[in-house]
Amino acid sequence: SQTIHQWPATLVQPVGSPLSLECTVEGTSNPNLYWYRQAAGRGLQLLFYSVGIGQISSEVPQNLSASRPQDRQFILSSKKLLLSDSGFYLCAWSGAWGVNQPQHFGDGTRLSIL
Amino acid sequence: AQKVTQAQTEISVVEKEDVTLDCVYETRDTTYYLFWYKQPPSGELVFLIRRNSFDEQNEISGRYSWNFQKSTSSFNFTITASQVVDSAVYFCALSEARGAGSARQLTFGSGTQLTVLP
């Protein structure tokens with residue numbers, strides 16, 4: 001069966017520091033991968049999605065970036081965090097076979113910027 | 001532009017009551033998919049159901065049921081005989097086709113916080 005791992009679960013970072021969140025998927029190949037952000041008390045905002053290695057599409061201009069160095073690895077990064085980057089970050093995957101496969105989410109990372 | 005509206009921000013019910021969570025969507029696509037997700041306090045999103053735009057048959061899964069009405073662009077979710085463990089934020093989402101490959105991007109509603117009191 002497929003599983004998705006996301007770490008760290010919780011992160012507290014000072015303003016201006018770098019960021020690296022990692023997500024890996026097991027049990028499937030060539031998945032579509034997604035990064036979402038959920039601000040407190042609000043819905044989910046799609047940040048990036050990827051259909052293959054090295055292929056990244058950005059939905060929202062910001063100081064974040066994403067990379068997919070391997071088929072089942074998706075990384076969210078920032079060179080300098082802002083206070084507004086605080087939130088709950090979720091990684092998700094969906095199958096590339098067929099159409100409209102449901103997205104399956106990791107446990108999320110709670111990021112607090114001080 | 002695609003849009004999903006969950007007008008109910010918060011709902012509180014007493015255990016064993018039935019509760020319906022509303023979802024209204026907007027899309028220009030003739031083919032689309034609708035989803036419901038559950039987000040318990042622990043934070044992860046749990047996939048509950050997917051429904052395509054050509055299938056208006058209502059679906060029941062245990063205490064959960066979904067009513068899809070294309071004429072009113074609604075995809076409502078009913079929990080029968082609610083339990084405390086049903087307490088969570090529930091999200092309705094709509095998929096659209098955009099970009100390369102088969103990636104389907106979800107447009108989420110703002111969520112409904114359901115609290116089931118013992």
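Throughout, protein chains are lettered first and strands after them, A, B, ... in sequence-line order, and every chain is numbered starting at 1.
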Chemist: Relative to chain B, which segment of A/L44 carries a heavy atom at a distance below 4.5 Å: side chain, backbone, both, or neither?
Modeler: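 For A/L44, the contact with chain B is made by backbone and side chain together.
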Chemist: Give the cluster check for B/F68 versus B/V24: same hydrophobic cluster or not, with ILVMFWY residues linked at side-chain heavy-atom distances below 4.5 Å.
Modeler: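 Each belongs to a different hydrophobic cluster.
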Chemist: Between B/S42 and chain A, with a heavy-atom cut-off of 4.5 Å, which part of the residue counts as in contact: side chain, backbone, both or neither?
Modeler: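 Just its backbone gets close to chain A.
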Chemist: Quick one: CZ on B/F108 to OH on A/Y36, what's the gap to the nearest 0.5 Å?
Modeler: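 Atom-to-atom, B/F108:CZ and A/Y36:OH are 4.5 Å apart.
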Chemist: Minimum heavy-atom separation for B/F91 and A/Q38, please, with both atom names.
Modeler: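 Smallest interatomic distance, heavy atoms only, reads CZ-NE2, 3.3 Å.
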Chemist: Determine whether more than 12 heavy atoms belonging to other residues, nucleotides or ligands lie under 6.0 Å from atom CD1 of B/I60.
Modeler: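 No, not enclosed.
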Chemist: If every non-hydrogen atom of A/P102 is compared with every non-hydrogen atom of B/F47, which pair is closest and at what distance?
Modeler: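 Scanning both residues completely, I find the closest heavy atoms to be CB-CE1, 3.4 Å.
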Chemist: Is B/Q6 close to chain A through its backbone or its side chain, or both, or neither, when contacts mean heavy atoms under 4.5 Å?
Modeler: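 Contact with chain A involves no heavy atom of B/Q6 at all.
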Chemist: Is it the case that one hydrophobic cluster holds both A/W93 and A/F48, taking links as side-chain heavy atoms less than 4.5 Å apart, direct or via other members?
Modeler: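 The answer is yes; both residues are in one hydrophobic cluster.
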Chemist: Would B/W66 and B/Y90 show up in the same hydrophobic cluster when neighbours are defined by side-chain heavy atoms closer than 4.5 Å?
Modeler: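 Yes, B/W66 and B/Y90 fall within the same hydrophobic cluster.
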Chemist: Give, for atom CZ of A/F88 and atom CG of B/L45, the distance between the pair rounded to the nearest 0.5 Å.
Modeler: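 Between atom CZ of A/F88 and atom CG of B/L45 there are 8.0 Å.
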Chemist: Check the surroundings of atom NZ in B/K70: do more than 12 heavy atoms from other residues, nucleotides or ligands lie under 6.0 Å from it?
Modeler: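 Atom NZ in B/K70 is crowded, with more than 12 foreign heavy atoms closer than 6.0 Å.
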Chemist: If hydrophobic clusters are built by linking Ile, Leu, Val, Met, Phe, Trp and Tyr wherever their side-chain heavy atoms come under 4.5 Å apart, do A/L83 and A/L19 end up in the same one?
Modeler: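 Looking at the clustering, A/L19 is in the same group as A/L83.
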